Undergrad: 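One structure, pasted below without further comment.
Keep in mind it's a predicted model, so treat the numbers as computed, not measured.
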Amino acid sequence: MKKTTLVVCAYHNVGYRCLEELLRQGADVRLIFTHEDSPTEEIWFASVRELADRHGIPWRTTDVNLPENQALLRELAPDFLFSFYYRNMIKGEVLDIPRCGALNLHGSYLPRYRGRVPVNWAVINGETETGATLHYMVEKPDAGDIVDREKVEIAFTDTALDVFNKVTVAAVTVISRSFPLLVAGTAPRQPMDLGAGSYFGGRKPADGLIDWTKGAKQIYNLVRGVTHPYPGAFTFRAGKKVIIWQAWPVAGSGAPGAIVSTAPLVVGTGDGLLEIRTLQEEGAPEQPAAAWIAATGLTGGTFAND
């Protein structure tokens, strides 16, 4: 009996862990497409290339959509194509190559949070749960039939990294359940109800600018949604950029951006107060708020939006 063959497009921890799970199950992975690490990005996640090398699987970092890669895929004629946190949109002509279909693992409980950086968006928007979803790929992003989903809780204290780690575990759970069913031809297919969800675009470091007229909880959610290993939420004081790495909403009131206390460091918002616990002024190291107050001799003032 012919063994099921795969081509996998993978990057990041989800890519590493899901590929690892497929290999644990004895999957015949013929080729892996991944990415070169960006010199401008903090690389805090596992290397798919290193995993491929350990298992003797050939890999490429060129775009899977390139004509030469499409020709190679047609030659390999895989049964399935899997995409695990691969950053390039995969074109329809590539999706048509695998005999049994092309599937993507998305980091949300679809159809909610389709699109880019779904974990960060879920935290920023104050969600209490998200998940991981395996679905068939079609040309429209995150719109194909759902095979399996797993929910995860988002605690109020979770950062985006905490949630991403939970989603990674959920992704492995989904792959462990679904792959045998896909191979057997018995995996379910549930049509995606696009009307029940929404699409979100990517985020840039500039999107971390704090709007102090928003409520303290909203600003707190932004802080924890883009804190380490992401670029961070930021504001300005005396013309210098200040990244807020850790904060906490507290009761009270104050003018938006106004420093109402320095021990602890508390700032007014459009609704409530925000205690700033860890920050980093432009040109200085990251430090607790108390150390920054002592170093600057700050007694009051205002944080500005720009």
Side-chain angles (χ1 to χ4, degrees), residues 8-20 32-54 57 59-66 69 82-90 104-108 113-125 130 132 141-142 152 154 158-172 199-210 221-236 240-247 278-287:
V8 177
C9 301
Y11 193 61
H12 222 286
N13 280 352
V14 168
Y16 184 100
R17 293 286 305 281
C18 288
L19 175 59
E20 189 176 49
I32 294 168
F33 288 93
T34 187
H35 301 288
E36 295 288 347
D37 295 333
S38 170
T40 62
E41 182 177 0
E42 182 180 348
I43 306 302
W44 52 272
F45 40 84
S47 169
V48 167
R49 287 180 292 175
E50 290 179 6
L51 180 61
D53 285 341
R54 284 203 300 275
I57 304 170
W59 52 265
R60 292 187 172 193
T61 55
T62 51
D63 192 333
V64 69
N65 298 296
L66 291 175
N69 288 332
F82 283 96
S83 174
F84 304 133
Y85 269 61
Y86 189 66
R87 291 179 170 179
N88 298 338
M89 287 294 299
I90 302 177
N104 174 59
L105 193 292
H106 185 72
S108 78
Y113 289 92
R114 304 191 316 276
R116 301 289 186 178
V117 294
V119 167
N120 301 82
W121 278 119
V123 175
I124 289 166
N125 288 337
T130 186
D142 305 324
V152 301
I154 302 177
D158 281 343
T159 67
L161 178 58
D162 294 326
V163 179
F164 186 83
N165 290 338
K166 293 179 182 181
V167 167
T168 301
V169 173
V172 174
Y199 182 88
F200 288 82
R203 292 187 60 84
K204 305 180 295 296
D207 296 327
L209 177 64
I210 294 170
N221 288 336
L222 174 64
V223 170
R224 69 192 181 110
V226 296
T227 192
H228 295 303
Y230 302 102
F234 65 94
T235 185
F236 292 89
K240 286 189 174 182
K241 181 178 179 180
V242 180
I243 300 174
I244 310 299
W245 290 116
Q246 188 180 24
T278 308
L279 73 169
Q280 184 174 10
E281 189 173 81
E282 185 178 359
E286 178 179 344
Q287 57 190 328

Undergrad: Would you mind reporting whether Glu36 and Arg49 have side-chain heavy atoms less than 4.5 Å apart?
TA: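 Yes, close enough: below the 4.5 Å cut-off.
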Undergrad: Could you pull out the closest heavy-atom pair between Thr62 and Leu66, with the gap in Å?
TA: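 Of all heavy-atom pairs spanning Thr62 and Leu66, the closest is CB-CD1, 3.8 Å.
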Undergrad: Does some side-chain heavy atom of Lys166 sit less than 4.5 Å from a side-chain heavy atom of Thr130?
TA: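 They are not in contact (no side-chain heavy atoms under 4.5 Å apart), so the answer is no.
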Undergrad: At their closest point, which heavy atom of Gly115 faces which heavy atom of Tyr199, and how far apart are they?
TA: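 That would be CA-CE1, 3.3 Å.
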Undergrad: Tell me, do Tyr85 and Asn13 make a side-chain contact under 4.5 Å, heavy atoms counted?
TA: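 Tyr85 vs Asn13: side chains apart.
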Undergrad: Going from SG on Cys9 to CZ on Phe82, what distance comes out if it is rounded to the nearest 0.5 angstrom?
TA: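 Here the rounded value is 11.5 Å.
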Undergrad: Side chains of Glu50 and Tyr16, heavy atoms from C-beta outward: is any pair under 4.5 Å?
TA: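 Not touching, per the 4.5 Å side-chain cut-off.
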Undergrad: Any side-chain donor-acceptor pair under 3.5 Å between Asp37 and Tyr11?
TA: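 Judged by distance alone, the side chains do pair up.
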Undergrad: Should Asn120 and Arg203 be marked as a side chain to side chain donor-acceptor pair (under 3.5 Å) after you check the CA-CA gap, both sets of side-chain angles, and the distance that decides it?
TA: CA-CA 9 Å; Asn120 301 82; Arg203 292 187 60 84; over 6 Å; no
Undergrad: Can you list the steps and then say if Thr168 with Asn165 is a side chain to side chain donor-acceptor pair (under 3.5 Å)?
TA: CA-CA 5 Å; Thr168 301; Asn165 290 338; 5.0 Å; no
Undergrad: Would you please name every residue forming a ring-ring contact (aromatic ring centres under 6.0 Å, His included) with Trp44, sequence neighbours left out?
TA: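 For Trp44 the ring-ring contact (aromatic ring centres under 6.0 Å, His included) partners, ignoring immediate neighbours, are His12, Phe164.
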Undergrad: Determine, step by step, whether Tyr230 and Val117 satisfy the side-chain contact (heavy atoms from CB on, under 4.5 Å) criterion, reporting the C-alpha distance in whole Å, the side-chain angles of both residues, the deciding distance to 0.1 Å, and the verdict.
TA: CA-CA 11 Å; Tyr230 302 102; Val117 294; over 6 Å; no
Undergrad: Tell me, please, which residues at least two apart from Phe234 pass ring-ring contact (aromatic ring centres under 6.0 Å, His included).
TA: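 For Phe234, the residues satisfying ring-ring contact (aromatic ring centres under 6.0 Å, His included) (neighbours in sequence not counted) are Phe236.
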Undergrad: Do any pairs count as a salt bridge (charged side-chain N to carboxylate O under 4.0 Å, His left out) and have a residue in residues 8-17, sequence neighbours left out, and if so which ones?
TA: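 Every pair satisfying salt bridge (charged side-chain N to carboxylate O under 4.0 Å, His left out) with a residue in residues 8-17: Arg17-Glu20.
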Undergrad: How many angstroms lie between NZ in Lys241 and OG1 in Thr235, if you round to the nearest 0.5 Å?
TA: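 Here the interatomic distance stands at 11.0 Å.
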Undergrad: Mark yes or no for whether His106, through its side chain, and Tyr113, through its backbone, hold a donor-acceptor pair below 3.5 Å.
TA: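 Yes, the answer is positive, given that a donor and an acceptor are paired below the 3.5 Å cut-off.
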Undergrad: Looking only at atom types and distance, does a side-chain atom of Thr34 sit under 3.5 Å from a main-chain N or O of Ala10, one as donor and one as acceptor?
TA: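 Indeed, once roles are kept as given, a pair shorter than 3.5 Å links the two residues.
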Undergrad: For Lys240, is there an ion pair with Glu282 - N to carboxylate O distance below 4.0 angstrom?
TA: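 No.
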Undergrad: Specify the closest pair of heavy atoms between Trp121 and Arg116, including all atoms of both residues, with the distance to one decimal.
TA: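 Taking every non-hydrogen atom into account, CD1-O, 3.3 Å.
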Undergrad: Not counting sequence neighbours, which residues clear ring-ring contact (aromatic ring centres under 6.0 Å, His included) with Phe33? List them please.
TA: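 Per chain and number, Phe33 pairs via ring-ring contact (aromatic ring centres under 6.0 Å, His included) with no residue.
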Undergrad: Excluding sequence neighbours, so at least two apart, what forms side chain to side chain donor-acceptor pair (under 3.5 Å) with Asp207?
TA: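 With neighbours one apart ignored, the set is empty.
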Undergrad: Are the side chains of Ile210 and Leu222 in contact, using a 4.5 Å heavy-atom criterion?
TA: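 A side-chain contact under 4.5 Å exists here.
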Undergrad: Can you check whether Asp142 reaches Asn104 side chain to side chain, under 4.5 Å on heavy atoms?
TA: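 Yes. Closest side-chain heavy atoms under 4.5 Å.
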Undergrad: Taking side chain to side chain contact (heavy atoms under 4.5 Å, CB included) as the test, write out the residues that go with Asn221, two or more places apart.
TA: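 Side chain to side chain contact (heavy atoms under 4.5 Å, CB included) list for Asn221, sorted by chain: Phe156, Arg224.
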Undergrad: Heavy atoms only: give me the nearest Val223-Ala247 pair and the separation to one decimal.
TA: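 Of all heavy-atom pairs spanning Val223 and Ala247, the closest is CG1-N, 4.1 Å.
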Undergrad: Within this structure, what is the CG-CD1 distance for the pair Leu51 and Ile57, rounded to the nearest 0.5 Å?
TA: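 The CD1 atom of Ile57 is 7.0 Å from CG of Leu51, to the nearest 0.5 Å.
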Undergrad: May I ask you to test the Tyr86-Asp63 pair for a side-chain heavy-atom distance under 4.5 Å?
TA: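 Result yes, sub-4.5 Å side-chain heavy-atom pair found.
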Undergrad: What distance separates Leu279 CG from Gln287 CD, expressed to the nearest 0.5 Å?
TA: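 Reported value, rounded in 0.5 Å steps: 6.5 Å.
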Undergrad: In Å and rounded to the nearest 0.5 Å, what is the CH2 to CG distance from Trp59 to Asp53?
TA: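 One finds 6.0 Å between CH2 of Trp59 and CG of Asp53.
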Undergrad: Mind listing the closest non-hydrogen atom pair of Glu42 and Pro229 along with its distance?
TA: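 Smallest heavy-atom distance, with atoms named: OE1-O, 3.4 Å.
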Undergrad: Identify the heavy atoms of His228 and Glu286 that sit nearest to each other, and give their distance.
TA: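 Distance-wise, the nearest heavy atoms are NE2-OE1, 2.7 Å.
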